[in-house]
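Everything below concerns the one structure shown next.
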Amino acid sequence: MIFPPLADCDRRAARRGALDGVFLLGTVEPYAYHLPSCPLTTGRRAGLMAFASEAQARAAGLRPCQRCKPHRRHAAQGDGLDVFQALSERLDRAPATVADATHLATWAGLCEPALAVILADHAHATADAWLTHKRVAFAADRLLGQAATVADACEAAGFPSARAFDRAFVVAMGMTPDAYRRLGEAPRFTLRLPADYRKAAVLAYQGRDAEGLAERTDAATVWKALGTPDGPAVVAIRFERRAAHVEVTSDHALGTASFALLHRDVRRILGLGHDIRPFEAAHPTLVAPRRGLRIPLIPRAFDALCWAIIGQQINLSFAGSLRRELIRLAGERVGDMIVHPTPDAVARIDPDELLRRRFSRAKTRYLIDTARAIIAGDLDIEGLADGSAVEAERRLTALNGIGTWTARYVMMRIGFADAAPVGDSGLATALERLHGLDMRPDAVATARLMAAYAPWRSLASMHLWASL
């Protein structure tokens with residue numbers, strides 16, 4: 001955001017370092033972020049940007065100033081990860097002990113604005129939205145895992161009333177708490193869809209490969225092959241008015257845990273994880289041609305990561321053909337479809353098999369090394385979406401062959417709300433056209449332009465891609 005002019009007393013406080021650690025200042029020339037005391041910001045009356053955290057400054061494409069070295073100061077004082085993880089653990093264990101966002105901030109020893117910064121960085125959510133998400137997840141576990149009644153789950157999760165619980169649960173889970181409690185009693189379930197739901201976007205994304213082995217579509221249905229603890233299964237998602245009717249088929253008897261996993265997978269496929277209304281209200285011009293657009297997620301994070309690695313620096317058609325080869329080589333069959341392979345299966349592939357199937361040596365190495373790192377416990381790939389966004393990007397980019405574009409694409413496709421895959425050529429082209437630029441922006445310029453869409457950069461990226 002653009003920083004308002006500092007009062008003279010504030011400027012004096014900034015120069016003597018009293019505001020260092022409170023916020024960061026960004027400048028265009030050089031395109032960097034600074035401590036407020038940095039001499040390079042002195043005397044500037046315009047063009048300054050304020051950032052509440054280092055994560056926000058980096059997400060806007062800025063690099064640390066080489067003179068004041070703000071990253072060293074912020075590394076010493078921490079990025080809020082410990083606080084975020086402690087709060088998350090408490091809510092996972094006993095959400096009813098936290099009355100509201102104010103109580104959450106008090107328990108953490110923070111003021112509410114400081115809590116808001118930490119949750120924006122790590123959860124990509126407001127305190128109220130994150131607290132509701134945690135309550136619903138806790139209640140869902142109670143409903144399936146402990147034979148709890150709906151009233152018991154509501155009380156244990158800390159909802160103020162049964163009505164509030166029912167409303168929040170339906171929005172998040174696509175069905176009532178009672179319907180969720182009966183999940184697995186029959187090989188089918190139904191999810192409610194918002195009034196403005198755009199099924200065409202989901203059908204187009206899931207049908208992007210006409211020869212797909214793990215997913216296919218027709219005019220009104222998505223079929224997806226997925227692994228479960230009890231064996232592979234196929235979910236058929238049929239759209240009808242404001243509902244998605246899901247039919248599950250498998251050669252194995254599926255337990256409650258498998259149905260809970262498939263229910264989660266279907267919600268991700270349908271892109272039902274986030275409330276899009278605040279973004280649409282903030283950016284009416286961008287969304288006007290596509291109101292109701294959501295982000296179809298990839299239900300399993302390892303699938304998303306493999307797709308991102310395979311898609312590096314090649315066109316969509318070739319990427320699709322390589323993905324089919326990987327699935328055919330190491331996936332598990334279910335009916336006439338094949339489930340995307342697990343990390344264990346990819347780690348066992350002979351590299352020469354991939355090379356014979358037109359994989360480059362680099363992609364072969366990245367895929368197999370990544371699978372082995374997951375097996376070794378270096379990366380909890382399927383747990384990424386439930387943790388910190390800052391930590392997720394850090395862990396992904398620590399892997400061989402995973403840069404910012406790949407990490408942000410994976411994060412966007414597994415549910416993080418504010419991840420812009422800077423470096424993507426399609427995103428850059430869309431921004432070039434939107435802003436009437438003379439040339440396509442590079443990764444740094446793309447990040448700067450995408451900063452205007454925080455904290456919804458994932459959804460903004462979808463709209464910009466769709467504009468092409």
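A quick note: this is a predicted structure, and the numbers were derived from the prediction, not measured.
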> Between the side chain of S250 and the main-chain N/O of P232, is any donor-acceptor distance below 3.5 Å?
Replying inline: yes

>> With side chain to side chain contact (heavy atoms under 4.5 Å, CB included) as the criterion, how do L143 and F169 come out once you've worked through the C-alpha distance, each side chain's angles and the decisive distance to 0.1 Å?
In response: CA-CA 12 Å; L143 287 170; F169 199 94; 3.9 Å; yes

>> Does Q85 form a side-chain hydrogen bond (donor to acceptor under 3.5 Å, both in side chains) with S388? I'd like the steps, not just the answer.
In response: CA-CA 8 Å; Q85 290 177 334; S388 156; over 6 Å; no

> Given D92 and K134, is the salt bridge (charged side-chain N to carboxylate O under 4.0 Å, His left out) satisfied, shown in steps?
Replying inline: CA-CA 7 Å; D92 288 342; K134 288 289 191 179; 2.9 Å; yes

> Do you know which two heavy atoms are closest between N400 and R365, and how far apart they sit?
Replying inline: ND2-NE, 3.7 Å

>> Tell me whether the count of non-hydrogen atoms from other residues, nucleotides or ligands lying under 6.0 Å of CZ in R395 goes above 12.
In response: no

> Would you say the side-chain atoms of H245 and R238 include a donor-acceptor pair closer than 3.5 Å?
Replying inline: no

> So, the side chain of S458 versus the backbone of A419: is there a donor-acceptor pair under 3.5 Å, distance only?
Replying inline: yes

> How close do P421 and W405 get, heavy atom to heavy atom, and via which atoms?
Replying inline: O-CD1, 3.3 Å

> What do you reckon, is CZ of R290 surrounded by more than 12 foreign heavy atoms closer than 6.0 Å?
Replying inline: yes

> Where is the tightest heavy-atom contact between A172 and V136, given as atom of each residue plus distance?
Replying inline: CB-CG1, 3.9 Å

> Is the backbone N or O of R294 less than 3.5 Å from a side-chain atom of H274, with the two atoms forming a donor-acceptor pair by type?
Replying inline: no

>> Could you check, using the six-membered ring where one of them is a Trp, whether W465 and Y205 have ring centers closer than 6.0 angstrom?
In response: no

> Should D79 and R394 be marked as a salt bridge (charged side-chain N to carboxylate O under 4.0 Å, His left out) after you check the CA-CA gap, both sets of side-chain angles, and the distance that decides it?
Replying inline: CA-CA 12 Å; D79 60 5; R394 184 182 298 137; 2.8 Å; yes

> Counting only heavy atoms not in E155, do more than 12 sit closer than 6.0 Å to its CD atom?
Replying inline: no

Validation: residues 276-287 side-chain donor-acceptor distances under 3.5 Å, sequence neighbours left out:
residue: R277; atom: NE; partner: D275; partner atom: OD1; Å: 2.9
residue: R277; atom: NE; partner: D275; partner atom: OD2; Å: 3.4
residue: R277; atom: NH2; partner: D275; partner atom: OD2; Å: 3.0
residue: E280; atom: OE1; partner: R291; partner atom: NH1; Å: 3.4
residue: E280; atom: OE2; partner: G292; partner atom: N; Å: 2.7

> At their closest point, which heavy atom of A96 faces which heavy atom of A156, and how far apart are they?
Replying inline: CB-O, 3.3 Å

> Do the side chain of T446 and the main chain of D442 share a donor and acceptor less than 3.5 angstrom apart?
Replying inline: yes

> Is the backbone of I310 close enough, under 3.5 Å, to the side chain of K363 for a donor and an acceptor to pair up by distance?
Replying inline: yes

> Counting N and O atoms only, with roles assigned by atom type, does the side chain of S321 sit under 3.5 Å from a partner on the main chain of F318, one being a donor and the other an acceptor?
Replying inline: yes

> Taking it one step at a time, do R357 and E353 satisfy salt bridge (charged side-chain N to carboxylate O under 4.0 Å, His left out)?
Replying inline: CA-CA 7 Å; R357 287 165 169 80; E353 290 287 349; 2.6 Å; yes

>> According to salt bridge (charged side-chain N to carboxylate O under 4.0 Å, His left out), does anything in residues 401-425 pair up with another residue at least two apart or in another chain? List the pairs.
In response: E393-R408, D418-R457

> Under the 3.5 angstrom rule, does the side chain of Q312 hit a backbone N or O of G401 as a donor-acceptor pair?
Replying inline: yes

> Backbone N or O of A99 within a donor-acceptor pair of the H103 side chain at under 3.5 Å?
Replying inline: yes

>> If you compare all heavy atoms of G80 against all heavy atoms of I118, which two are closest, and at what distance to 0.1 Å?
In response: O-CG2, 3.8 Å

>> With rounding to the nearest 0.5 angstrom, report the CD1 to CG distance, I381 to L305.
In response: 4.5 Å

> Is the backbone N or O of L464 less than 3.5 Å from a side-chain atom of S467, with the two atoms forming a donor-acceptor pair by type?
Replying inline: yes

>> For a ring pair (Phe, Tyr, Trp, His ring centres under 6.0 Å) check, start with the C-alpha distance between W307 and F302, then their side-chain angles and the critical distance, and finish with the verdict.
In response: CA-CA 8 Å; W307 175 250; F302 184 61; over 10 Å; no

> Should L193 and L272 be marked as a side chain to side chain contact (heavy atoms under 4.5 Å, CB included) after you check the CA-CA gap, both sets of side-chain angles, and the distance that decides it?
Replying inline: CA-CA 8 Å; L193 299 176; L272 298 178; 4.2 Å; yes

